[in-house]
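Structure record follows, encoded as structure tokens.
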Amino acid sequence: MKHFPIFVALEGRRVVLSGGGEAALAKLRLLLKTEAKLTVFAPEPAKEIADWDAQGRLRLVRRSMEPGDATCAVLFYAADEDDAEDARTSAIARADGAMVNIVDNLGDSEFITPAIVDRDPVTVAIGTEGAAPVLARAIKADLEARLPATLGPLARIGKAFRKAVEVLPMGRKRRDFWADFYFNAGPRAMDQGGEDAVQDTLPALLDKHERVQERDGHVAFVGAGPGDPELLTLKARKALDEADVVIHDRLVAPEILELARREAVLVNVGKEGFGPSTSQTDINTQIIEHASQGAQVVRLKGGDPTVFGRLDEEIEAVMEAGISWHVVPGITAASAAVASLGQSMTKRGRNSSVRLVTGHDMKGFAEQEWASLARPGEVAAVYMGKKSARFIQGRLLMYGADRATPVSIIENASRPDQRIVPATLAGLVNDLETAEINGPALMLIGLAPRAAEAALTDIQQEFA
Ligand code: SAH
């Protein structure tokens, strides 16, 4: 981050701008929204600037800037659209102690003006450090569409009521009140009767919240998907939004944890495949402790919580403690891995069932129904299979699988660093070793990337 976003208090402070043309107008339109004391230096100002001066909204000085003109100014804008003049005026302003912005000159500016979504007092500032103004505009348009125009008045009315809400204990109760106001009662009252209705609704709403019982703790077992935050379900996002505590695995990507409510406590109970880990009993204890204290707990698991996630043990512990719970399914790693190959899990004429298998279980390498897995056309997704590749290869060959059976290894499926290593059963162990896989990886037995498969069919036809 080369530029740190801050909101500068401008009420009653001096802001100076040099320039009287289009660039100056664009900046002044923004600055006039603030409560700063604006001074504009321009020998030939646009008519609007003269009008604003006449209305007392700024002070216009009809000459070029001179040393001392920016004394006591916090901010200075060089907006003459002339490199030499901008350099001259900004040198004066710098000497006078102001922070300088030169319009359309990122390199020589000490601060830059973001794209702004204005729902005063709610203000969203969007910056790309000059890298992608198009992107900033697109994000702005998106937010403009999403944030109702009534958000500003709601926030203003809410702010004036903050003191009264202090009768509620800090923490969840107060947050519940405000969530109810901003997302439920407030917009409804605004629709029905405007700002007056919003004012009227507040005391009743506060009364209601003073009377409600403390919410009971609850545990949501939530699937975080394979890594790409866009593969989270809307329900998962909602649960993260409401969470007091998020207890997550090592597999859950940081981008996804970012989506948790800002005040949420994040607890990493990461289980390393073969390394140190928090024991299952410890995890159960932590879940129950938090929920018993009334917390909304999200137990966030990579992929789908129902797939190789020891979900049942956690549910049983939670039930035994008398705590309510529910499961939010997620996209399992196999779905993401298969999608990355451009293949399907099942296919008419090839396989009518698919198996999710684990490379190891509590006793070591996991035994499977090898005879059926070794049949041509079978598809299996092997989770946690990195260490057991040699064992799986040996068993399948022993049960008569074709040495040329395709096996695809997908590392970091759905993530920016996703890697696909196409192999065959015969070459599996070697290919895994040379590929140096460090991230979570899945083996898809019986599937090759569609492109590679098509190329292979062409060659076979050529030699037929
Ligand atoms: N509940 C998870 C699986 C947990 S077991 C799910 O539904 O996906 C952990 C194993 O999942 C890892 O060892 C790896 O084999 C697989 N895995 C999880 N995320 C993955 C990803 N993004 N890419 C490839 N494999 C992944």
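Computed from heavy atoms alone, side chains included, the values below leave out hydrogens, waters and symmetry copies. One-based numbering, in listed order, for ligands and for the atoms of each.
- By the neighbour-count criterion of 12 heavy atoms within 6.0 Å, atom CD of Glu166 is densely surrounded, having more than that number from other residues, nucleotides or ligands.
- When heavy-atom distances to ligand 1 are checked against 4.0 Å, the residues falling inside are Pro226, Leu251, Gly302, Gly303, Asp304, Val307, Phe308, Thr332, Ala333, Tyr383, Met384, Ile410, Asn412, Ala413, Arg415, Pro440, Ala441, Leu442, ordered by chain and number.
- Within 6.0 Å of atom CZ in Arg261, more than 12 heavy atoms from other residues, nucleotides or ligands are found, so the atom counts as buried in its surroundings.
- Side-chain polar atoms of Tyr383 and Thr332 form a donor-acceptor pair below 3.5 angstrom.
- Residues that satisfy the side chain to side chain donor-acceptor pair (under 3.5 Å) test with Glu144, not counting sequence neighbours, are Arg119, Lys140.
- Here the closest non-hydrogen pair linking Ala98 and Leu75 is CB-C, 4.2 Å.
- Ring-plane geometry between Phe391 and Phe365 is classed as parallel, the angle between the planes falling under 30 degrees on a 0 to 90 degree scale with a further cut at 60.
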